[in-house]
Amino acid sequence: MASQNSVVFEDFFPAMVEKLGAEGFMKELCNGFRLLVDGDKGVITFESLKKNSALLGLQDMTDEEAICMLREGDLDGDGALNEMEFCTLMLRLSPELMNSSMKLLVEAIVNF
């Protein structure tokens, strides 16, 4: 989805968390969901993703990439992404955030 000279959106996630805090970052993810959601169905569908993807700088997303994104994030098998599935997918796309989360979890368990 990105050319070799561009920065992929998830590269900004750790900086966003640092700047906005965890709660602010989650609000921004929810705002991203609302940009892509099908207003009638309340979920991100293939059609709403393709229609609104340019709002997030993903205007070059192919149909195959959109289908893969939906499949990757669709945890309940309904063919669409609800808000929790979308946020989970976005976090999974940022390896640095996932590593940081794992470190925090381990620290919490050790210190408990």
Side-chain angles (χ1 to χ4, degrees):
M1 282 189 287
S3 71
Q4 289 188 342
N5 294 330
S6 68
V7 178
V8 180
F9 72 92
E10 65 263 18
D11 292 341
F12 295 110
F13 283 3
M16 288 176 66
V17 171
E18 188 173 319
K19 182 176 181 179
L20 301 173
E23 188 175 325
F25 177 71
M26 289 308 297
K27 284 182 183 178
E28 287 303 312
L29 281 182
C30 292
N31 288 338
F33 172 80
R34 285 189 277 287
L35 287 174
L36 298 173
V37 72
D38 178 309
D40 295 330
K41 297 180 181 177
V43 294
I44 297 173
T45 62
F46 172 78
E47 293 79 15
S48 70
L49 180 58
K50 287 296 290 182
K51 177 181 165 189
N52 300 317
S53 60
L55 296 171
L56 295 178
L58 302 173
Q59 61 273 6
D60 296 330
M61 181 186 299
T62 66
D63 288 356
E64 184 178 322
E65 289 170 328
I67 290 167
C68 286
M69 179 181 173
L70 289 170
R71 282 188 188 144
E72 179 74 23
D74 183 16
L75 301 175
D76 61 11
D78 66 354
L81 300 180
N82 62 37
E83 189 172 53
M84 182 59 69
E85 289 171 328
F86 175 78
C87 290
T88 300
L89 176 63
M90 293 298 100
L91 290 173
R92 286 176 42 216
L93 290 175
S94 178
E96 188 174 335
L97 277 183
M98 290 301 292
N99 290 338
S100 296
S101 298
M102 185 58 75
K103 288 176 193 172
L104 292 172
L105 177 61
V106 169
E107 286 176 26
I109 291 171
V110 168
N111 294 324
F112 182 68

Atom pairs and distances, donor-acceptor, side-chain atoms in residues 18-28, under 3.5 Å, two or more places apart:
none

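- Checked against side-chain hydrogen bond (donor to acceptor under 3.5 Å, both in side chains), Asp76 has no partners two or more places apart in sequence or in another chain.
- Annotation: side chain to side chain contact (heavy atoms under 4.5 Å, CB included) contacts of Cys30 (sequence neighbours excluded): Arg34, Glu83, Cys87.
- Scanning for side chain to side chain contact (heavy atoms under 4.5 Å, CB included) contacts around Lys41 gives Asp38, Val43, Thr45, with sequence neighbours left out.
- Pairs engaging residues 46-57 under the salt bridge (Lys or Arg N to Asp or Glu O under 4.0 Å) rule: Lys50-Asp63 [sequence neighbours left out].
- Phe33 and Leu81 get closest at one heavy-atom pair: CE1-O, 3.4 Å.
- With hydrophobic clusters built from ILVMFWY side chains whose heavy atoms lie under 4.5 angstrom apart, Met84 does not share a cluster with Leu75.
- Partners of Asn52 according to the side chain to side chain contact (heavy atoms under 4.5 Å, CB included) rule, which considers only residues two or more places apart in sequence or in another chain, are Leu36, Ser48, Leu55.
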Distance-only criterion, 3.5 Å: show the donor-acceptor pairs between side-chain atoms of residues 66-74 and protein atoms not counting sequence neighbours.
residue, atom, partner, partner atom, Å
Glu72, OE2, Arg92, NH2, 2.2
Asp74, OD1, Gly77, N, 3.0
Asp74, OD1, Asp78, N, 3.3
Asp74, OD2, Asp78, N, 3.2
Asp74, OD2, Gly79, N, 2.6

